[in-house]
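First comes the structure, then the notes that go with it.
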Amino acid sequence: MYEVVRQIPRGCVASYGQVAFLAGNPRGARGVGFAMHRSPEPGGIPCHRVVFKDGGLCGGLAFGGEGIQRALLEEEGVVFLPDGRVDMARCGWLK
DNA sequence: CTATTGACCAGGG
DNA sequence: GCCCTGGCCAATA
């Protein structure tokens, strides 16, 4: 599953469920999230590119900051909506 | 090896 | 339309 996350191109985002599906676990969205949380290679796994199916972030328990994920994604060219969510329509992976 | 938890997702009230 | 509940997978203790 780590491979799948690693394959996410720069400037794109994928939902936990999407990653789980590509990883071969359509129902393992939860496991995916936890696997990232305790990822063996923190630097090799762009957890910030993985968000909810809605494009929403985890909410402060990730990476060590609230706006960190947003800042990183914006830095990569990901567009954020006024809602505070990622624009899945334009930056969503395989979309 | 078994039990509990955790950054999810979908359905029902 | 929003809030609560249930079920899956993976990892850690």
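Each chain gets a letter, A, B and so on, in the order its sequence line appears, and its residues count up from 1.
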Problem set entry | A/Arg27 atom CZ, neighbour heavy-atom count above 12 within 6.0 Å | no
For this session: Decide if atom CZ of A/Phe21 counts as having more than 12 heavy atoms of other residues, nucleotides or ligands within a radius under 6.0 Å.
Result: no
Exercise. What distance separates A/Ile8 CD1 from A/Cys47 SG, expressed to the nearest 0.5 Å?
Worked result: 9.5 Å
Exercise. Which value, rounded to the nearest 0.5 Å, describes the distance between A/Arg10 atom CZ and A/Cys91 atom SG?
Worked result: 11.0 Å
Out of [options], which has the shortest distance to the side chain of [X]?
{"X": "A/Phe34", "options": "C/dC9, B/dC9, C/dA10", "result": "C/dA10"}
{"X": "A/Ala35", "options": "C/dA10, B/dA7, C/dC9", "result": "C/dA10"}
{"X": "A/Cys47", "options": "B/dA7, B/dC8, B/dA10", "result": "B/dA7"}
{"X": "A/Met1", "options": "C/dA10, B/dC8, C/dC8", "result": "C/dA10"}

Taking atom [atom2] of [N] as reference, at what distance in whole Å does atom [atom1] of [X] sit?
{"X": "A/Lys53", "N": "B/dG11", "atom1": "NZ", "atom2": "C1'", "value": "11 Å"}
{"X": "A/Met88", "N": "B/dC8", "atom1": "CE", "atom2": "C1'", "value": "13 Å"}
{"X": "A/Arg27", "N": "B/dG6", "atom1": "CZ", "atom2": "C1'", "value": "19 Å"}
{"X": "A/Arg38", "N": "C/dA10", "atom1": "CZ", "atom2": "C1'", "value": "14 Å"}
{"X": "A/Arg30", "N": "C/dC9", "atom1": "CZ", "atom2": "P", "value": "12 Å"}
{"X": "A/Met36", "N": "B/dT5", "atom1": "CE", "atom2": "P", "value": "23 Å"}

Exercise. Reckon A/Gly31 touches a base, only the sugar-phosphate, or nothing at all at heavy-atom distances under 4.0 Å?
Worked result: base
For this session: With heavy atoms under 4.0 Å as the rule, sort A/Tyr2 into base, sugar-phosphate or nothing.
Result: sugar-phosphate
Exercise. Judged by atom type as modelled, is there a donor-acceptor pair below 3.5 Å linking the side chain of A/Gln18 to the main-chain atoms of A/Ala14?
Worked result: no
Seminar exercise, completed: Ranking A/Val32 and A/Ala29 by the position along DNA chain B of their nearest nucleotide, the one closer to 5' is A/Val32
Exercise. Is the shortest side-chain N/O distance from A/Asn25 to OP1 or OP2 of C/dC8 below 4.0 Å?
Worked result: no
